[in-house]
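Sequential numbering from 1 along the given sequence is applied to the chain's residues. Note that ligands are numbered from 1 as they come in the structure, with each ligand's atoms numbered from 1 the same way. FYI, side chains are in, hydrogens and waters are out, and symmetry mates aren't considered; it's all heavy atoms of this structure. What you see is a predicted model; the values in this text were computed from it and never measured.
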Amino acid sequence: MGKELFTIARIFGAYYEIYSEATSYALAVLKGKLRLKNSNERHPFVVGDMILAEKSSGEEWVISERLERKNYLTRKSDKGDSHVLCANLDQLAILASCKDPETKPGFIDRLLAASYHTEIPPLIIFTKKDLVSQEEIEDRETYYRELGYDVMSVSLLSEESILPLWEKIRGKRTFLCGNSGVGKSTLMNHLHQKTVQRTNLVSGSTKKGKHTTTNSFALFLEGNTVLIDSPGVKEWGILHLTPNELWESFPELRRVKEGCREIYCCELGSECPMRKYMNETMDETRKKSLESMIESLENPYRVTRRDHWSKAVTKRY
Ligand SMILES: Nc1nc2c(ncn2[C@@H]2O[C@H](COP(=O)(O)OP(=O)(O)OP(=O)(O)O)[C@@H](O)[C@H]2O)c(=O)[nH]1
């Protein structure tokens with residue numbers, strides 16, 4: 001029996017849950033060491049990696065090779081090491097809850113900045129739209145749509161949102177990202193049409209989600225549709241970006257960039273059109289997001305202390 005192409009669906013220490021359409025889910029191990037181009041990588045695989053595996057004589061799947069990654073999402077720690085979260089994505093779904101807990105615009109903006117340089121197109125999904133007025137929903141959607149982003153709003157308590165949502169994710173590999181309690185597991189459950197993951201109640205006192213999801217895993221749905229759930233995050237590190245990349249990741253600043261005289265003019269603090277736009281014209285909320293990210297780059301340790309995955313306290317399944 002020859003080698004078969006799988007995707008890494010989940011990681012349990014030294015074991016990997018792998019998936020292929022032919023075999024469905026299986027457990028696999030890595031025997032020996034995998035030769036990786038980038039020896040700085042902490043783990044040989046992340047969820048979404050495409051690998052080749054074959055059955056050993058003991059009927060165990062053994063991974064022999066990782067295919068080159070089309071793209072990957074990464075965050076950088078204050079110690080300077082990159083943490084690859086997930087590979088081979090078609091879309092980054094930013095789940096932002098309208099209420100209970102309300103996702104801060106700064107969080108959305110950070111993820112948008114982080115995704116720009118990976119060339120993984122973002123999709124903003126406002127969840128819990130049933131908890132706010134129609135007018136508020138339209139304002140939120142218009143705000144990001146005018147910046148050129150793909151946006152939609154859903155209520156996961158009703159079926160009416162499921163079809164439009166399905167249209168956006170069908171045939172794609174989508175990474176779901178958001179604060180804890182925004183509804184990632186609920187969305188996965190709806191789309192899988194059975195409970196694949198225990199959702200948890202939002203804490204009554206803080207209105208913040210209690211933590212449920214413990215590590216990333218991929219769910220394979222019909223028509224090559226893959227959803228990758230991730231633990232709720234409090235903050236999103238952008239330390240892997242250079243200052244210049246950060247400026248360019250804001251579409252409203254990119255539009256005025258043509259007027260920049262030299263590549264690094266914003267860093268030099270000259271009459272850079274992007275800097276001018278930020279000071280004189282930019283929307284106040286977006287300006288705050290950018291300033292906070294600039295501060296993160298200048299003072300990484302202070303920011304990355306808040307930058308870890310939320311700690312998960314409940315079991316999945
Ligand atoms: N009103 C309302 N509640 C929702 C909606 N979607 C999810 N919820 C509720 O919000 C709570 C948290 O949802 P989860 O799906 O567990 O959130 P999560 O993003 O997976 O959280 P973590 O696992 O901590 O990352 C649950 O009580 C859900 O029932 C929605 O559209 N409207």
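The distance from ligand 1 to the heavy atoms of Ser155 drops below 4.0 Å at these ligand atoms: 31 (O). Ligand 1 places these atoms under 4.0 Å from at least one heavy atom of Lys184: 15 (O), 17 (O), 18 (P), 19 (O), 20 (O), 25 (O). Within ligand 1, counting atoms from 1 as listed, the ones closer than 4.0 Å to a heavy atom of Asp130 are 1 (N), 2 (C), 30 (C), 31 (O), 32 (N).
In this structure, Arg286 pairs ionically with Asp109, as a charged nitrogen and a carboxylate oxygen lie closer than 4.0 Å.
Put simply, the side chain of Thr23 never gets that close to the backbone of Ser20: no donor and acceptor are under 3.5 Å apart.
With hydrogens and angles left out, the side-chain atoms of Thr7 and Arg173 include a donor and acceptor closer than 3.5 Å. Judged purely by distance below 3.5 Å, without hydrogens or angles, the side chains of Ser133 and Glu135 never pair a donor atom with an acceptor atom.
Of the listed options Thr186, Leu95, Leu156, Val154, Leu156 places a heavy atom closest to atom 31 (O) of ligand 1.
When non-hydrogen atoms are compared, ligand 1 lies under 4.0 Å from the side chain of Leu131 (C-beta onward) but not from its backbone.
Rounding to the nearest 0.5 Å gives a distance of 8.5 Å between SG of Cys98 and CG of Asp130.
Contact analysis leaves Gly178 out of contact with ligand 1, as no non-hydrogen atom separation drops below 4.0 angstrom.
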